[in-house]
Amino acid sequence: MKTLRVNLIGREYDILIEKNLLAKTGELIRKRLSPNKVFVVTDETVDALYGKTVLDSLCAQGFDTKLVSLPAGEETKCLAELSRLYSEALSFSITRKDMIIALGGGVIGDLTGFLAATLLRGIPFVQIPTTLLAQVDSSVGGKVAIDVPEGKNLVGAFYQPKLVIIDPEVLNTLSDRIFFDGLAEVIKYGLIADKGLFEKLEACDSRSELSEWIDEMVYTCCDIKRAVVEEDELDTGKRMILNFGHTLAHVAEKEYQYKTYTHGQAVAFGMVAISEIGEKLSLMPQGIRERIRNMVLKFNLPDYIELSGDLEKTIALDKKNEGAQLNLVLLSEIGCAKVHKIPLCEFVKQLN
Ligand code: NAD
Ligand code: GLY
């Protein structure tokens, strides 16, 4: 089993990565933590595939368990479902000595993490991510949130899990659309922090080739995220580099009401578009955009999304920005990110 330790003083935790770990959930928790009750949150798709494996493993260790299964999809990351979870957990008489498990993709991870952060002012929680995006990104780092009508992830907290259990075997049941969606974030990690990872992705042509080294891929990405989060847990500096390609991705997702494009598809486009601007402004070496473009097209991700809304207004509303200044994440080379401040109006001019 591969293990990474996230060293945040007082909030340290392990990330465990190995195929078929799901069936060992109970013993992995028993070894490290001592809850009486375990409240599991999942979605209906993941429940049908993996709910029983996790529950059986918890029951085998004598935990008193309750599982709540929510509809799959982004709409579930909302106040109404959160409210339902508060009631379900309280009717299970959960206490701060117990534990909550998020079993699913980023939607379940974010929602359940926010439940854990706020119920009884904080209950320990474990992330068991089941999408590629959740395994390489959302389950690590403690960003938890729900969506509100005004926007995505606008109500949230930083609340680190006590443990992250990653079983790459579960990725085999993902549709191609969801698998390659997560791969966009893997490509991003290569671009911002690991040239070797990017080149290894360049050498692969299919999902089956990628699957041959999936454990290593997940480990490498989690290790990059671990290092960034250790340096900047609360997202005031270095963590910004994880946002490479995300400025325009957020605009695209919003313009198409989070329906037409997945987050990863929007990020793929965003990485190509921002590199084009970076190269045009001579802030990035020439040729990187073309390599990113070839990569995203190879993995069925879009290199272009038509944007027509009020870009300046949408970008200005992004919670990462500081007023009229935009923090542009660019690459000084493949494997090395940098942040460049640019006036928002100047950036928008480049888009037109
Ligand atoms: P998701 O959780 O909606 O999962 C996508 C789909 O895959 C769902 O239909 C789900 O039921 C299905 N699924 C999950 N695991 C499966 C499996 N093993 N086999 C078959 N189907 C499976 O979406 P996601 O892409 O995982 O996460 C997106 C969410 O993550 C967004 O809400 C985004 O805001 C959030 N996010 C959070 C962070 C963070 O740092 N907290 C980072 C990135 C994204
Ligand atoms: N997904 C970006 C972050 O965790 O900061």
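Along the sequence shown, the residues carry numbers beginning at 1. Counting starts at 1 for both ligands and their atoms, following the listed order. Scope of the values below: all heavy atoms of this structure, side chains included, with no hydrogens, waters or symmetry mates.
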Inset, instruction - Answer yes or no for D235: is there a heavy-atom contact with ligand 2 below 4.0 Å? - result: no
Legend entry - For L242, atoms of ligand 2 separated by under 4.0 Å from a heavy atom: 3 (C), 5 (O)
Distances under 3.5 Å, N/O of ligand 1 against N/O of the protein: list each pair and its distance.
from	atom 1	to	atom 2	distance (Å)
ligand 1	2 (O)	G106	N	3.2
ligand 1	2 (O)	V107	N	3.1
ligand 1	11 (O)	D43	OD1	3.1
ligand 1	11 (O)	D43	OD2	2.8
ligand 1	15 (N)	T130	O	3.3
ligand 1	15 (N)	T130	OG1	2.7
ligand 1	18 (N)	T130	O	3.0
ligand 1	18 (N)	V170	O	3.0
ligand 1	18 (N)	T173	OG1	3.4
ligand 1	19 (N)	T173	OG1	2.7
ligand 1	26 (O)	G106	N	2.8
ligand 1	26 (O)	T131	OG1	2.6
ligand 1	27 (O)	G106	N	3.1
ligand 1	32 (O)	E74	OE1	2.7
ligand 1	32 (O)	E74	OE2	3.1
ligand 1	32 (O)	K77	NZ	2.8
ligand 1	34 (O)	K77	NZ	3.0
ligand 1	34 (O)	K152	NZ	3.2
ligand 1	34 (O)	N153	ND2	3.3
ligand 1	41 (N)	D110	OD1	2.9
ligand 1	41 (N)	K143	O	2.8

Inset, instruction - For atom CD1 of I9, decide whether the heavy atoms of other residues, nucleotides or ligands shown that lie under 6.0 angstrom number more than 12. - result: no
Legend entry - Within 6.0 Å of NZ in K238, more than 12 heavy atoms from elsewhere: no
Inset, instruction - Classify the angle between the aromatic ring planes of F39 and F92 as parallel (below 30°), tilted (30 to 60°) or perpendicular (above 60°). - result: tilted
Inset, instruction - Just jot down the ligand 2 atoms closer than 4.0 angstrom to any heavy atom of D137, in number order. - result: 1 (N)
Legend entry - Within 45° cone of F269 ring axis and under 6.0 Å: R293 NZ or CZ: no
Legend entry - Side-chain donor-acceptor pair present, T118, Y159, cut-off under 3.5 Å: no
Inset, instruction - Would you kindly specify which portion of V229 sits under 4.0 Å from ligand 2, judged on non-hydrogen atoms: side chain, backbone, both or neither? - result: neither
Legend entry - Any E185 heavy atom less than 4.0 Å to ligand 2: no
Inset, instruction - Check whether any N or O atom of R239, backbone or side chain, sits under 3.5 Å from an N or O atom of ligand 2, and answer yes or no. - result: yes
Legend entry - D223 and T220 side chains, donor-acceptor separation under 3.5 Å: no
Inset, instruction - State whether the side chain of E216 and the backbone N or O of W213 hold a donor-acceptor pair below 3.5 Å, judged by distance alone. - result: no
Legend entry - Aromatic Y219 / basic K2 pairing, under 6.0 angstrom, 45° off normal: yes
Inset, instruction - Mark yes when over 12 heavy atoms from residues, nucleotides or ligands other than K37 sit less than 6.0 Å from its NZ; otherwise mark no. - result: yes
